[in-house]
Amino acid sequence: MTEVWELDALGQADLVSHREVSVLELVNAAIDRVEALNPRLNCVATPMFEEARKRAQSKLPSGPLSGVPYMVKDLGQPCAGVRQTDGSRALRDFIADHDGGLVTRLRKAGLVIIGRATAPEFGNHSTTEAEVFGATHNPWDMERTAGGSSGGSAAAVSACLVPAASASDGAGSIRIPASCCGLFGLKPTRGRISFAPDAGEVLSGLAVEHAVTRSVRDSAALLDATSGAVSGDPYWPAPPAEPFLDQAKVDPAPMHIAWSAKAPLGMPVDPDCRRAVEATAKRLEELGHHVVEDDPAYDEEVLLDPMVTIWSVRNATDHDVVASKIGRAPRDDELEITTWELVERGRKVSAVELVRAVDLIHAASRAIAPFFDKYDAWLTPTLAQPPLPLGRLNKSYGGADEWWRVDLSFNPWNSIANLTGNPAMSVPLAWNESGLPIGLLFTGRYGDEAALFRLSGQLERSDGWADRFPPIGSKS
Amino acid sequence: MRDAVASRHVSAEEVVRVALERIERLNPALNAVVAIRAEEAIAEAKALDRRKQPVAELGPLAGVPLLVKDLEDVAGMRTSQGSVLFANARAASVDGLVPSRLRAAGAIVVGKTNLPEFAAEGFTSNLLFGTTRNPWALDWSPGGSSGGSAAAIASGMAPIATATDGGGSIRIPAAFCGLVGLKPTNGVIGRRPIPDWIDLSTDGPFATTVADLRLLLSLERGPVAGDPTALPKHYAEVGGKPSRAFAAPRFRQGGPLPDDVAALFEAGVAAAGELLALEVERIEPKALWTGDNWLVLTSAEHVHRFGRQFVQANLDRMHPSARSFMEFGLGLSIDDYLAARRRRFEYVRELDELLGEDAIILSPTVAAAGFLADGRLNPEDEPGALPGEVYNTEVANITGHPAISLPAGICPNSVPFGLQVMAPRFRDELLLDFAEAWEKAHEWPRTPPGYEPFEIALGLK
């Protein structure tokens with residue numbers, strides 16, 4: 001018998017719309033699973049059970065996702081009246097005073113938010129081991145990282161606490177946890193989901209919000225519900241001709257797909273990840289696509305200093321934002337060592353240097369663009385290694401640049417889609433012999449999430465992963 | 001020289017200034033010294049000169065300028081390990097054990113010497129400081145990994161310089177620079193901090209004379225808190241004369257020795273036989289061909305020491321030979337490593353049984369007539385890609401046996417040739433006695449033509 005938590009979001013919403021189950025029952029089932037499994041996973045930063053039960057009993061807006069239990073990432077994405085820590089001890093008592101733009105749209109779609117999911121401090125790491133809450137564990141192997149910075153969301157969805165959860169991505173933070181936790185994680189095109197009203201852009205245009213899900217169609221439905229540029233937005237990708245949900249149901253015509261197992265800057269690639277890409281390339285050929293080994297040509301140094309410059313200035317700014325939120329400067333022990341390293345680095349960056357860094361990112365974007373005129377998608381591993389053991393990625397290596405470089409050795413490809421603004425998805429097509437998920441990254445053409453949904457929908461139908469569950473909380 | 005300083009014949013400050021001046025003059029061509037410690041050295045020398053203690057209370061190295069291999073810590077200086085990755089590392093706060101013992105004996109650190117990245121090669125060239133050259137023949141390498149120290153002593157920049165040996169790194173530079181160099185039995189000198197290659201590495205001396213070698217060993221030896229297998233303080237070494245001698249051309253699989261090396265090795269074997277009044281027995285010790293045992297142990301331990309993530313993130317900033325060393329280590333499993341650890345015992349048993357109480361084995365220290373300075377055997381090779389069979393030194397690191405390299409002639413390319421002698425474990429004195437006899441019978445030039453040993457420059461005896 002199928003348990004309700006095995007269903008994806010659209011599946012759970014169907015139960016509600018057919019009156020087979022009430023929203024309150026769905027929400028309580030999710031809360032039960034959180035209470036049973038979160039002590040081990042440690043993926044919930046702040047529960048919102050009372051509020052969720054209240055909302056579950058009220059009249060919810062109708063729509064394909066109405067009534068589904070959901071979680072939001074505890075980084076930005078404020079919920080009125082609820083603690084928002086951004087992964088920081090400095091904000092452990094800070095209560096948000098309004099719903100953010102994404103949260104508003106999620107509530108308008110009828111989703112019921114049952115809690116906020118853990119994230120590393122200021123979203124800085126490819127692992128979710130913030131000192132304020134302690135490490136979030138990967139449901140597939142509790143000694144390993146759930147990825148970051150949307151690791152809490154990924155752990156929650158992977159362990160079926162909720163069928164989907166919000167996430168955000170400035171250098172891979174949707175796709176890395178999706179890969180680590182065997183989930184589908186799409187970073188949409190820059191500007192696809194508006195940052196209104198709180199911001200125009202985040203991280204100089206690198207960052208986008210969206211979600212991690214188990215199914216492709218959930219990601220598509222969520223994007224339909226939350227996307228759309230708004231007056232005053234700095235970026236306006238062309239709106240899609242059709243709903244993304246429709247695209248996920250249709251096989252693509254044969255696509256021109258490039259693939260590569262080579263990481264930028266000569267970073268080594270684990271054989272498991274290399275084998276996964278090679279096998280996927282072969283599979284795409286079998287499905288009728290034109291597949292060729294190729295990668296874009298650009299100055300790979302752009303992934304180092306310019307990115308650290310932007311990231312560190314963001315941290316220096318976050319420091320001041322935190323100070324204004326709590327009415328005083330954060331103490332030494334309220335921010336993590338790696339955050340201080342970024343803050344210090346950021347404070348030394350001049351305005352001219354910051355503009356130069358953005359110029360270099362735009363130059364790289366132009367150098368890469370012709371590659372996507374040639375190809376519909378570019379396949380690489382999402383990560384250079386299977387999910388790493390906990391304790392590796394959240395520590396200081398002596399400075400911001402050193403820390404970034406170590407992160408890059410785990411996460412070399414994802415930043416490329418952030419600096420170009422192209423959409424990119426991690427698809428859970430492989431598991432290694434130890435049972436650890438290996439995600440495959442498809443980077444698409446600017447604005448063309450539709451092509452990515454068609455392709456991932458096809459892969460999900462032919463090589464699905466819906467019957468794979470992590471050991472924790474499984475039926476047997 | 002210490003006596004000259006002690007008796008106030010010459011001041012420590014003068015001696016230190018001479019060292020600094022010689023480094024300034026000689027180093028540009030050789031690139032042996034990579035960091036200078038001038039101000040602090042002069043201040044220490046002045047403080048020594050002001051001391052009112054009687055001569056007898058000054059340490060045996062009082063006022064003697066000392067260079068330290070940039071793998072070892074000197075308080076207040078950074079330790080680069082010859083790597084771009086550590087170019088901006090924080091300064092050490094505590095001396096390593098041997099630097100601290102030599103300084104406690106009165107030596108004054110004037111600088112640090114070059115090495116290949118991570119000390120993992122038998123030549124001395126890296127991306128941070130460049131290539132060190134052999135004062136005997138500038139196109140050729142002084143060997144490695146203690147090549148900077150060896151080139152500095154051989155050229156007379158300073159009278160003493162530290163060295164370590166995890167795979168030959170005392171003996172190879174000693175061989176190529178015409179020095180006598182001893183890798184003591186592992187455990188004679190305590191370990192602190194823990195070396196990157198935990199059990200295979202040891203500190204040890206090289207010098208231009210056996211008397212200096214003995215003095216340095218006596219100051220360096222001894223246990224230290226934290227080392228579980230160091231020999232106790234009052235362990236009595238037994239010297240004497242070997243009762244049996246073997247000659248082995250190689251300890252790795254490889255063809256016949258190159259002609260130049262073979263000729264000098266034969267001459268060395270004949271001379272040794274004569275000196276010992278023994279028939280030297282020729283052997284081909286296949287059971288001591290250790291294969292990749294050394295590489296498995298050292299690369300796995302080195303990757304672990306830095307951390308996998310750090311290594312993976314920085315492979316592209318490493319010297320090509322350091323990079324392949326680390327890549328090999330990244331590919332190893334715990335089972336690979338433990339199998340190699342257990343195999344060590346087999347090699348120890350082989351050598352213990354062969355050598356018995358007091359036999360020795362002679363071999364060329366290096367089965368090649370020198371390396372080109374950037375780590376090539378032949379001009380057409382890739383820099384840093386030396387074939388494994390040139391090395392005859394790893395066995396003694398794997399097993400812990402003591403091994404000495406003695407100057408035994410000069411190859412046609414002007415690079416000195418070293419004769420390696422191995423003895424049973426804890427019979428270091430046997431090697432030192434033999435070295436003394438060898439030095440008497442076959443006195444060797446203490447510096448290359450055109451250079452002057454440190455003492456003579458000061459007009460001291």
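Every chain is numbered from 1 and lettered A, B, ... according to where its sequence line falls, protein lines coming before strand lines.
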Query - Proximity of residues 306-327 of chain B to chain A, residues having a non-hydrogen atom under 4.5 angstrom - result: B:R308, B:Q309, B:F310, B:Q312, B:A313, B:N314, B:L315, B:D316, B:R317, B:R323
Requested in this report: Over all heavy atoms of both residues, which pair between A:L335 and A:S88 is shortest? Give the atoms and the distance, please.
Outcome: CD2-OG, 3.4 Å
Query raised in the report: Are B:F123 and B:T132 side-chain neighbours, meaning at least one heavy-atom pair lies under 4.5 Å?
Result: no
Report task. Over 60° means perpendicular and under 30° means parallel, so classify the ring planes of A:W311 and A:W404, tilted if in between. Result -> tilted
Report task. Could you walk me through whether B:S145 and B:K69 pass the side chain to side chain donor-acceptor pair (under 3.5 Å) test, one step at a time? Result -> CA-CA 9 Å; B:S145 63; B:K69 178 178 181 179; 2.8 Å; yes
Query raised in the report: So with a 6.0 Å cut-off around CD of A:E353, is the heavy-atom count from everything else above 12?
Result: yes
Query raised in the report: Who wins among A:L408, A:L265, A:D270, A:V406 for the most heavy-atom pairs under 4.5 Å with chain B?
Result: A:V406
**Report entry** Neighbour count above 12 (heavy atom, 6.0 Å) for B:R305 CZ
**Finding:** no
Requested in this report: Pull out the residues in residues 385-395 of chain A that come under 4.5 Å of chain B, heavy atom to heavy atom, sorted by number.
Outcome: A:Q385, A:L388, A:R392, A:L393
Query raised in the report: Would B:D381 and B:R376 satisfy salt bridge (charged side-chain N to carboxylate O under 4.0 Å, His left out), going step by step from the backbone distance to the final call?
Result: CA-CA 6 Å; B:D381 296 338; B:R376 286 174 288 152; over 6 Å; no
Query raised in the report: Ion pair present between A:D295 and A:K262, side-chain N to carboxylate O less than 4.0 angstrom?
Result: yes
Query raised in the report: Just how far is it from atom CG of B:L372 to atom CG of B:L377, taken to the nearest 0.5 Å?
Result: 7.5 Å
Report task. Measure the spacing between CH2 of A:W403 and OG of A:S396 and express it to the nearest 0.5 Å. Result -> 11.0 Å
